[in-house]
Structures are given as structure tokens and as C-alpha cells.
Amino acid sequence: MAAGLICLEPGRPFSLQEVAMTNSSLTLISHPLCPFVQRVAIVLQEKNIPFEQIQIDLNNKPNWLLAISPAGKVPLLKVERDQDRPVVLFESMAICEYLEEVYSDHPVHPTDPLTRAQHRAWIEFSSAMLMDAWGYLNAVDETVATNKAADFRKKLERFEAVLSD
């Protein structure tokens, strides 16, 4: 099965090419505080893609979420097309790349391959930065909080230096 792709029903998984949308309905399964959900929501909004959103409580995950999310986390993007079976995409970067490929008339990445690769590298860097922030917010003791805050600050300073160049 391809990374970032599962079926809602048992059977053969769809490839990204098979899921290419013409008449489709999208549902973003999310949590309001998840930065990875926000990443997907931003792409959907920047590309003017209509979608519905379902918020879930990550502290009380519904069984249906656990059935369709391999890691039991969000974001998930449920893709429904005409008479095809619904497909659920998971992992924010896989979802964003899918949206970029399918809705190519409003690109969020530059066309130059080198610049696009740089953007993707900084996106990966920002994922690590978000994990430091999450670790700080959920620290169980002061030492962990201090270390995560320092890691987060270093990454922010590095990111800020690049932005000011």
C-alpha cells in the first residue's frame, strides 16, 4: 500500500493517479490545535478548494478514526469521487503533495525544481520545529520544558536568519 493512502473499505488501495479528482468531495478530519492539520487547511484555502471539516477530540478518539488512521492521528483527508469508494489520505505532507498535484492550476510551490526542493526542505525543518514546540507545551517537568524551549528557540533563530536574507 502506498504511503499516505488507505481505503475506507477492505480491498485494493487506490494509487494517487486513480484518485485524481474531477468531481470530488473532500473532508478534512482534524483537531483545532494540531499544526499539521493547519498545514493542510492552509493549502486547501490557498488553492480555493472547497472542503468540509470534522473536528475530533484527540483525548477521546472515536473508533472510526482508529479504523481509518494507521497512527491514530490527524490530519486525514477523506476523498470521495462519483461512484468510487472513499479513500483516506494521511500524513500532512502526503496530503499537501496530493493537493498540489491534483489542483495544479493554483500552485503553492515554485516551478523551479531547485527552489521547490529548498521549500520542501524548510517544510521538513519546520516539522521538527513544531515537534519541539509540542514537546515544550506538553513537558512533564521543568528540565524537559527548558530543553525543548531552547531547541525551539534555536530553530526559530535559524529560520528567522534565512527569512531576513
Side-chain angles (χ1 to χ4, degrees), residues 1-6 16 19 26-62 64-79 87-165:
M1 192 173 294
L5 182 64
I6 63 171
L16 287 179
V19 180
L26 302 175
T27 303
L28 179 61
I29 301 164
S30 60
H31 181 273
L33 298 179
C34 176
F36 299 102
V37 166
Q38 299 309 315
R39 174 185 286 169
V40 174
I42 289 167
V43 170
L44 286 162
Q45 290 175 359
E46 284 295 315
K47 290 177 156 293
N48 296 314
I49 302 170
F51 68 99
E52 293 182 29
Q53 195 163 9
I54 297 173
Q55 301 286 351
I56 60 148
D57 179 357
L58 291 176
N59 292 320
N60 187 21
K61 296 174 185 175
W64 61 263
L65 174 79
L66 299 173
I68 63 173
S69 177
K73 61 184 186 174
V74 294
L76 300 173
L77 185 69
K78 185 171 109 178
V79 180
V87 174
V88 174
L89 299 172
F90 60 97
E91 294 298 339
S92 64
M93 285 312 301
I95 295 168
C96 291
E97 288 177 13
Y98 167 76
L99 294 170
E100 183 73 355
E101 290 175 15
V102 172
Y103 295 92
S104 57
D105 54 336
H106 294 97
V108 293
H109 289 291
T111 56
D112 175 63
L114 182 58
T115 306
R116 191 170 54 247
Q118 288 177 311
H119 281 206
R120 286 187 169 135
W122 283 109
I123 290 168
E124 187 64 28
F125 181 84
S126 71
S127 293
M129 199 165 58
L130 290 171
M131 294 310 294
D132 286 339
W134 184 258
Y136 170 73
L137 292 172
N138 293 288
V140 293
D141 63 49
E142 190 172 335
T143 302
V144 171
T146 302
N147 290 339
K148 286 296 177 182
D151 293 343
F152 185 51
R153 183 178 309 282
K154 286 178 193 173
K155 286 181 179 75
L156 282 173
E157 289 168 354
R158 176 66 189 207
F159 197 58
E160 186 175 10
V162 170
L163 290 175
S164 64
D165 284 348

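Remember, it's a predicted structure, so these values are computed and weren't measured experimentally.
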- Does CZ in Arg120 sit with more than 12 non-hydrogen atoms of other residues, nucleotides or ligands closer than 6.0 Å? yes
Scanning both residues in full, the closest heavy-atom pair of Gln38 with Pro32 reads NE2-O, 3.4 Å
Note to self: With heavy-atom distances below 4.5 Å as the criterion, would you say the side chains of Ile29 and Trp64 are in contact?
What the structure shows: yes
Applied to residues 130-165, the ring pair (Phe, Tyr, Trp, His ring centres under 6.0 Å) test, sequence neighbours excluded, yields Trp122-Phe159
- Do Leu99 and Leu77 come close enough that some side-chain heavy atom pair is under 4.5 Å? yes
Would you say CZ of Arg158 has more than 12 non-hydrogen atoms from neighbouring residues, nucleotides or ligands within 6.0 angstrom? no
Applying side-chain contact (heavy atoms from CB on, under 4.5 Å) to Ser164 and not counting sequence neighbours gives none
Residues at least two apart in sequence or cross-chain that pass side chain to side chain donor-acceptor pair (under 3.5 Å) with Thr115, listed by chain then number, are Asp112
Should we say atom CD of Gln55 is surrounded by more than 12 heavy atoms from elsewhere, each under 6.0 Å from it?
yes
So does His109 get a backbone contact from the side chain of Glu100, meaning a donor-acceptor N/O pair under 3.5 Å?
yes
side-chain contact (heavy atoms from CB on, under 4.5 Å) filter on Lys61, not counting sequence neighbours, yields Leu58, Leu65, Leu66
Is the backbone of Ala128 close enough, under 3.5 Å, to the side chain of Lys155 for a donor and an acceptor to pair up by distance? no
Minimal heavy-atom distance between Ile123 and Arg39, with the atoms involved, is O-NH2, 3.6 Å
Taken to the nearest 0.5 Å, the spacing of Ser127 OG from Glu91 CD works out to 9.5 Å
So CG of Leu130 and CG of Leu137: to nearest 0.5 Å the spacing works out to 10.5 Å
Rounded to the nearest 0.5 angstrom, the CG-OH distance for Leu26 and Tyr98 is 6.5 Å
Is it true that, when you exclude Gln118 itself, more than 12 heavy atoms of the residues, nucleotides or ligands shown sit nearer than 6.0 Å to its CD? yes
Between the CG atom in Leu44 and the CZ atom in Phe51, the distance rounded to the nearest 0.5 Å is 5.0 Å
Rounded to the nearest 0.5 angstrom, the CG-CD1 distance for Leu76 and Ile95 is 6.5 Å
Contacts of Asn59 meeting side-chain contact (heavy atoms from CB on, under 4.5 Å) (sequence neighbours excluded), chain-then-number -> Asp57
Is it the case that over 12 heavy atoms from other parts of the model lie below 6.0 angstrom from the NZ atom of Lys73? no
dist Ile68:CD1 -> Leu89:CG (nearest 0.5 Å) comes out at 11.0 Å
Residues passing the side-chain contact (heavy atoms from CB on, under 4.5 Å) test with Met131, sequence neighbours excluded, are Phe36
(Q) Taking the side chain as everything from C-beta on, heavy atoms only, tell me whether Gln53 gets closer than 4.5 Å to Val37. (A) yes
